[in-house]
Amino acid sequence: MKILGIDSSAKTASVSILEDGKVLTLQYSNTGFTHSVTLMPMVAGALEITGLSADDIDAYAVSVGPGSFTGVRIGVAAVKGMAQPKNKPCIAVSTLEAIAYPLSAFDCVAVSVMDARREQVYEARFQCTNGGNLIRITNDEALPIESLYDSLKDIKDQIYFIGDGQELVYNALKDRLKNVRTAPEQISYQKADSVALLAFEKFKRGEAVTPFDLNPVYLRDSQAEQSLKIKNKNNKSNGG
Amino acid sequence: MKTVLSASPEETAKLACLLGKSLKGKEVIALFGGLGMGKTTFVKGLAGGMELNAEVSSPTFALVHEYKGKIPLYHFDMYRVQTYYDLCSTGFFDFLETNGVICIEWSENIEEELPKNSIRILFEHGKVDTERIITLTGDEYYENSWD
């Protein structure tokens with residue numbers, strides 16, 4: 001079975017093709033925010049390198065968020081577009097789970113963190129055991145960084161922060177939590193091979209959906225509905 | 001701060017054109033002022049100054065229009081944006097990471113999240129109907145484009 005996986009949920013974009021759990025190719029670019037320009041050529045490149053055509057792909061996988069709103073939309077829309085003509089199955093993968101995936105080889109608690117601005121992070125926790133198991137402990141959430149201290153203070157295992165928020169969270173908590181580290185930079189960011197590998201497991205568990213049921217996941221934090229107008233300031237323009 | 005009197009939409013566009021010529025990329029230009037004050041006219045002039053061959057129109061429904069060029073221009077209209085979540089959903093923070101210029105109509109609605117170094121431009125009514133008092137607040141380099 002062949003899965004084409006996509007990630008464009010943050011600054012980088014990547015495309016991977018997987019055959020029965022083996023990565024055939026990984027295309028990766030980190031050239032600024034131009035996913036709408038780079039993503040489809042990378043898909044074409046991945047197919048060309050593997051000698052496959054779109055017809056050979058059995059299922060499509062994509063990181064559906066949380067993440068950059070524009071990036072997530074591009075990834076999900078691209079997969080919907082490719083999967084719809086032949087109604088191929090689609091697999092939604094949490095961006096935070098894809099980020100944690102490279103840590104699954106170590107015995108640790110993986111804390112996936114993406115910078116959500118305003119002292120907030122998108123966060124999910126996973127227990128990594130027995131060289132390859134990634135067991136979810138918490139749901140994907142948008143949280144104030146400070147609230148993580150209470151959630152993590154009783155954990156005895158080695159904790160790894162991983163993701164584009166790892167330095168932010170590590171610096172906020174390192175003086176109070178002794179068992180925390182950041183993941184090595186080269187594995188810190190989401191990539192399409194992790195998305196496709198997780199999707200393969202999900203597919204076997206029957207978690208694929210139709211292209212029409214594939215949706216982005218935008219998490220809302222507690223400040224999401226806050227107005228951004230500056231209060232008590234006379235707006236001098238007359239309008240109308 | 002630099003205040004200039006514009007007697008007509010043409011003069012407003014000319015001022016915008018001068019500012020457009022001075023832009024280097026990554027600037028955020030925040031426009032303030034109500035309906036019919038000349039904000040879209042201003043963006044047209046700005047695009048001209050940036051040598052963008054673009055059909056500029058107010059992105060009230062699309063939220064953002066992209067005009068391609070050597071330095072791209074991202075034209076936002078925040079009229080319908082009320083909350084932080086709304087703003088995130090427009091992709092505004094993603095565009096801040098690019099090398100393009102961002103110009104925002106209805107900046108009033110997102111004032112709290114404007115980057116500190118934004119170039120702020122306020123439109124106010126003058127003495128007669130067609131007259132506008134336009135005030136630019138920002139780095140001296142940009143203010144000097146109106147000398």
Side-chain angles (χ1 to χ4, degrees), chain A residues 8-13 30-39 65-77 95 114-122 142 144 164-165 189 215-240, chain B residues 3 25-26 30-39 63-64 66 68 72 74 76 78-100 102 104-115 120-127 129 131-135:
Chain A
S8 58
S9 59
K11 280 182 191 165
T12 64
N30 187 7
T31 53
F33 200 81
T34 50
H35 300 339
S36 57
V37 179
T38 57
L39 196 61
S68 138
F69 279 63
T70 317
V72 166
R73 270 198 288 263
I74 290 168
V76 171
T95 308
M114 294 178 80
D115 187 358
R117 310 180 73 93
R118 300 184 144 206
E119 307 288 309
Q120 308 255 332
V121 282
Y122 300 124
D164 69 17
Y189 304 108
N215 287 311
V217 174
Y218 308 122
L219 293 176
R220 289 171 189 245
D221 65 49
S222 55
Q223 302 169 5
E225 302 306 329
Q226 201 172 301
S227 166
L228 300 174
K229 285 180 188 168
I230 290 184
K231 308 257 162 37
N232 306 322
K233 186 179 161 235
N234 293 326
N235 185 351
K236 290 189 287 175
S237 72
N238 298 323
Chain B
T3 301
K26 289 192 101 55
L31 310 182
F32 293 85
L35 284 166
M37 293 297 282
K39 300 193 296 294
L63 297 169
V64 56
E66 178 181 345
K68 292 196 172 80
Y74 302 110
F76 280 84
M78 300 298 183
Y79 185 70
R80 297 189 303 147
V81 171
Q82 299 296 328
T83 66
Y84 180 63
Y85 185 82
D86 290 347
L87 182 62
C88 289
S89 75
T90 66
F92 177 70
F93 295 112
D94 302 325
F95 286 95
L96 281 181
E97 311 264 330
T98 72
N99 293 321
I102 295 177
I104 309 162
E105 299 197 34
W106 292 99
S107 297
E108 291 88 341
N109 284 358
I110 64 148
E111 198 166 357
E112 261 193 38
E113 284 295 324
L114 285 176
R120 301 165 76 100
I121 296 173
L122 174 67
F123 296 80
E124 296 170 286
H125 282 291
K127 286 198 188 76
D129 224 18
E131 215 171 67
R132 298 287 182 270
I133 303 158
I134 305 176
T135 305

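These numbers were taken from a predicted model, which means no experiment stands behind them. Chain letters run A, B, ... following the sequence lines, proteins first, then strands; residues in each count from 1. Atoms considered below: every heavy atom in the structure, side chains included; atoms not considered: hydrogens, waters and symmetry mates.
Remark: B:F93 CZ to A:F69 CZ distance equals 9.5 Å, nearest 0.5 Å. Between atom CD1 of residue B:I110 and atom CD1 of residue A:I230 there is a gap of 10.5 Å, rounded to the nearest 0.5 Å. Taken to the nearest 0.5 Å, the CZ atom of A:R73 stands 8.0 Å off from the CG atom of B:D94.
In summary, of the residues considered (B:E111, B:Q82, B:E112), a side chain to side chain contact (heavy atoms under 4.5 Å, CB included) with A:K229 occurs for B:Q82 alone.
Other residues, nucleotides and ligands place no more than 12 heavy atoms under 6.0 Å from the CD atom of A:E119.
For the pair B:Y85 and A:L219, the tightest heavy-atom approach, listed with the atom from each and the gap, is CE1-O, 4.2 Å.
Only the side chain of B:L87 comes within contact range of chain A, with at least one heavy atom under 4.5 Å from a heavy atom of that chain. Heavy-atom distances place the backbone of B:T90, and not its side chain, under 4.5 Å from chain A.
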